[in-house]
Amino acid sequence: MLRRRAKPLLGTLVEISVDGFPETSQADAAMNSAFAEIALIHDLMSFHRVESDVGRMNASETGDAVTVDMRTATVLLAASQAAVESEYAFDCTVAAELVASGLLPSHPSLAITRAASVRPVWEIDGNCFVKLAPCLIDLSGIAKGYAVDRAIAILRQHGCGDALVNAGGDMRHSGSEAAIVHLRAAGDPGSLPLALKLCDRALASSTAGGLDAAGAGALSALIDGVSRLPIATGASVSVVAPTCMEADLLTKVVLASENPRHPMLARHGAEAVHYYR
């Protein structure tokens, strides 16, 4: 029997759908565990919480070792590899530019810094994070996808047959019965021009747009890691990939490079299924 629940997490509404549990109590236990894992990842990687792993990393001095949760270390390692592979089109140190724009809050102990001319400016070894130069880290461009992946892993551990975790459009399906997903048209949220079958795959979408610091006008919250400038507003992309973390970060690479056939897509077994600019 199909069961569905939703909770506000990760700055959006997270919906979990499961099928294949004979008892409601089993489905509830699986979904409770999955929601708890998502909440933990949010707490660990929140830029806004000074006590989070990200908050402690940002408050650290150059050369200081910061021990982080292995979940955070996993995301940091993926972010580091993606930065190198994308030639820094994807770069989690663009938090400095977002703070300068008023789109992220500053930290009382931090001076806002731009990325150093020599990269990398930080490293992760096991679960030990070290700044190599002053920088601000923001993992929001990859952590939501990771949280979706972890929720799917938890549901599988509970013996779930078919499942779909959807975090505000970033989603992953598990099982043999495909889910039908409708993609909205950029600039026309009432239009659903594309439908696709998602089966044991993940989908993430990103749109360059938002509000400026005063709450008016359009100012993209997506930053090109190379130019350190906002990506042109109105651009959007949806990427299908094996995992939601890969799909999530690859949307930023496509938007920053303006290349829906970026070589990273093929290397990760991914595809840009909808691109607009």
Side-chain angles (χ1 to χ4, degrees), residues 2-19 27 30-47 52-54 69-79 81-82 90 92 138-158 160-175 177-184 196-207 222 236-254 265 268-274:
L2 179 65
R3 295 176 174 87
R4 182 180 292 117
R5 285 172 54 191
K7 282 190 176 185
L9 290 166
L10 304 172
T12 187
L13 188 66
V14 178
E15 183 178 66
I16 297 179
S17 303
V18 299
D19 202 358
M31 287 189 283
N32 287 341
S33 295
F35 279 126
E37 182 76 359
I38 293 171
L40 175 58
I41 291 167
H42 172 84
D43 289 344
L44 287 170
M45 303 182 206
S46 171
F47 184 93
S52 71
D53 281 353
V54 169
D69 187 273
M70 285 306 300
R71 297 169 182 81
T72 307
T74 297
V75 173
L76 285 168
L77 180 59
Q81 293 170 341
F90 177 89
C92 64
D138 175 32
L139 296 177
S140 61
I142 185 173
K144 185 165 71 168
Y146 175 72
V148 170
D149 290 335
R150 285 295 305 147
I152 286 291
I154 295 294
L155 293 172
R156 286 174 172 171
Q157 289 173 12
H158 280 260
C160 181
D162 287 280
L164 181 69
V165 178
N166 183 355
D170 288 0
M171 63 187 71
R172 183 170 172 181
H173 174 268
S174 175
E177 293 293 328
I180 305 300
V181 178
H182 296 271
L183 297 179
R184 298 186 184 279
L196 58 87
K197 290 183 177 181
L198 197 67
C199 188
D200 249 355
R201 302 273 283 173
L203 168 75
S205 300
S206 290
T207 299
L222 298 179
S236 68
V237 67
S238 296
V239 170
V240 173
T243 70
C244 199
M245 182 166 65
E246 289 173 299
D248 200 5
L249 71 88
L250 286 168
T251 62
K252 283 74 176 180
V253 173
V254 169
L265 293 167
H268 287 259
E271 178 187 6
V273 293
H274 178 66

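No hydrogens, no waters, no symmetry mates; every other heavy atom, side chains included, goes into these values.
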Whether [X] side chain and [Y] backbone form a donor-acceptor pair below 3.5 Å:
X    : Y    : value
D138 : C92  : no
S206 : K252 : no
T74  : M70  : yes
T251 : D248 : yes

Quick check: do [X] and [Y] have side-chain heavy atoms less than 4.5 Å from each other?
X    : Y    : answer
D200 : S174 : yes
V181 : L164 : no
P242 : R201 : yes
K7   : V14  : no
L139 : L76  : yes
V253 : V239 : no

Minimal non-hydrogen separation, [X] against [Y], with atom names:
X    : Y    : answer
M171 : V148 : C-CG1, 4.0 Å
A151 : I38  : CB-CD1, 3.7 Å
V18  : A27  : CG2-CB, 4.0 Å
D162 : E177 : OD1-N, 2.9 Å
R4   : S17  : NE-OG, 3.1 Å
A270 : L250 : CB-CD1, 3.6 Å

What's the separation between atom [atom1] in [X] and atom [atom2] in [Y], rounded to the nearest 0.5 Å?
X    : Y    : atom1 : atom2 : value
D43  : R71  : CG    : CZ    : 11.0 Å
E37  : I154 : CD    : CD1   : 4.5 Å
I16  : N32  : CD1   : CG    : 9.0 Å
D53  : I41  : CG    : CD1   : 11.5 Å
Y146 : L10  : OH    : CG    : 12.5 Å
M45  : D69  : CE    : CG    : 7.0 Å

**Request:** Evaluate salt bridge (Lys or Arg N to Asp or Glu O under 4.0 Å) for D149 paired with R172, printing each intermediate quantity in order.
**Result:** CA-CA 7 Å; D149 290 335; R172 183 170 172 181; 3.0 Å; yes

